[in-house]
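Scroll down for the structure; my scribbles are underneath it.
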Amino acid sequence: QVQLVESGGGLVQAGGSLRLSCAASGSFFRITAMGWYRQAPGKQRELVAGITRIGSTNYADSVKGRFTISRDNVKNMVYLQMNSLKPEDTAVYYCNANLYTTQDITTLRDYWGQGTRVTVSS
């Protein structure tokens, strides 16, 4: 069983900052890519930022220069530092991980957290 648990969401004023964390636990062999997605009310889930195991990153255009993704491969955690937050960043943020479980080290599987809500007031 693999679990991803997010934390760090909340209510913040525009221009403020938040740091999201996601911890992976359970029976897995190796985590490859990790990422953060978000889903605003009435909209589709979208990629916010991704990071490979060796630290290569990519960002949605809307968050470039404001958000920073990082990870700790020893602790099996991924973080999202969000600065200069805007009301349009309001959404539920989901952690995602691609990994090999200990039961099957040949198949790359996709796991999601339950989400953490971020609300940015104007």
Side-chain angles (χ1 to χ4, degrees):
Q1 192 79 354
V2 176
Q3 281 191 317
L4 300 179
V5 179
E6 302 101 334
S7 60
L11 173 64
V12 64
Q13 288 188 330
S17 298
L18 283 175
R19 187 183 191 227
L20 305 183
S21 300
C22 173
S25 63
S27 301
F28 53 85
F29 171 67
R30 173 171 292 185
I31 302 174
T32 58
M34 301 186 82
W36 289 94
Y37 289 71
R38 67 186 180 188
Q39 187 166 18
K43 295 188 177 181
Q44 289 190 332
R45 190 173 298 189
E46 62 175 359
L47 174 68
V48 176
I51 185 167
T52 68
R53 185 169 180 82
I54 60 171
S56 297
T57 59
N58 63 290
Y59 296 91
D61 288 343
S62 59
V63 307
K64 283 180 181 176
R66 299 188 298 123
F67 291 10
T68 303
I69 188 170
S70 61
R71 65 188 284 175
D72 184 327
N73 290 334
V74 175
K75 296 181 179 179
N76 296 313
M77 295 193 68
V78 63
Y79 308 95
L80 186 67
Q81 179 66 44
M82 306 186 293
N83 299 328
S84 302
L85 282 160
K86 304 175 181 180
E88 50 264 45
D89 294 318
T90 295
V92 177
Y93 284 70
Y94 297 91
C95 174
N96 173 265
N98 301 143
L99 57 84
Y100 298 95
T101 65
T102 54
Q103 291 79 14
D104 183 358
I105 64 171
T106 64
T107 303
L108 191 62
R109 300 181 188 275
D110 202 31
Y111 286 85
W112 293 88
Q114 293 297 307
T116 184
R117 186 173 301 276
V118 172
T119 304
V120 184
S121 63
S122 57

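The basis for the numbers below is simple: all heavy atoms, side chains too, and nothing from hydrogens, waters or symmetry mates.
- Atom OH of Y100 is separated from atom OG1 of T106 by 8.5 Å, given to the nearest 0.5 angstrom.
- Checked against Y37 for a ring-ring contact (aromatic ring centres under 6.0 Å, His included), the options Y94, W112, Y93 give a single hit: W112.
- Between the CZ atom in F67 and the CG atom in L20 there is a gap of 8.0 Å [rounded to 0.5 Å].
- By the rule that hydrophobic residues join a cluster once side-chain heavy atoms approach within less than 4.5 Å of another member, Y111 and L80 end up as members of one cluster.
- In this structure the side chain of S27 never reaches within 4.5 angstrom of the side chain of T101, judged on heavy atoms.
- How far CZ of R109 is from CG of L99: 9.0 Å, rounded to the nearest 0.5 Å.
- Annotation: the span from M34 atom CE to N76 atom CG amounts to 7.0 Å, rounded to 0.5 Å.
- A salt bridge is absent between D89 and K86; no separation between the charged side-chain nitrogens and carboxylate oxygens falls under 4.0 Å.
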Only distances under 3.5 Å count here; give the side-chain donor-acceptor pairs of residues 41-52 to other protein atoms, sequence neighbours excluded, each with its distance to 0.1 Å.
| residue | atom | partner | partner atom | Å |
| --- | --- | --- | --- | --- |
| E46 | OE2 | R38 | NE | 2.7 |
| E46 | OE2 | R38 | NH2 | 3.3 |
| T52 | OG1 | I54 | N | 3.4 |
| T52 | OG1 | G55 | N | 3.3 |
| T52 | OG1 | S56 | N | 3.0 |

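- Criterion: ILVMFWY side-chain heavy atoms under 4.5 Å apart, direct or through other members. Under it, I105 and L108 are part of a common hydrophobic cluster.
- In this structure, CD1 on I69 lies 8.0 Å from CH2 on W36, to the nearest 0.5 angstrom.
- By the 6.0 Å contact criterion, CD on Q3 is open, its count of non-hydrogen atoms from other residues, nucleotides or ligands being 12 or less.
- Across P87 and S122, no two heavy atoms sit closer than the pair CG-CB, 3.8 Å.
- Around atom CZ of R53, more than 12 heavy atoms belonging to other residues, nucleotides or ligands sit under 6.0 Å away.
- To the nearest 0.5 angstrom, T68 atom OG1 is 4.5 Å from Y59 atom OH.
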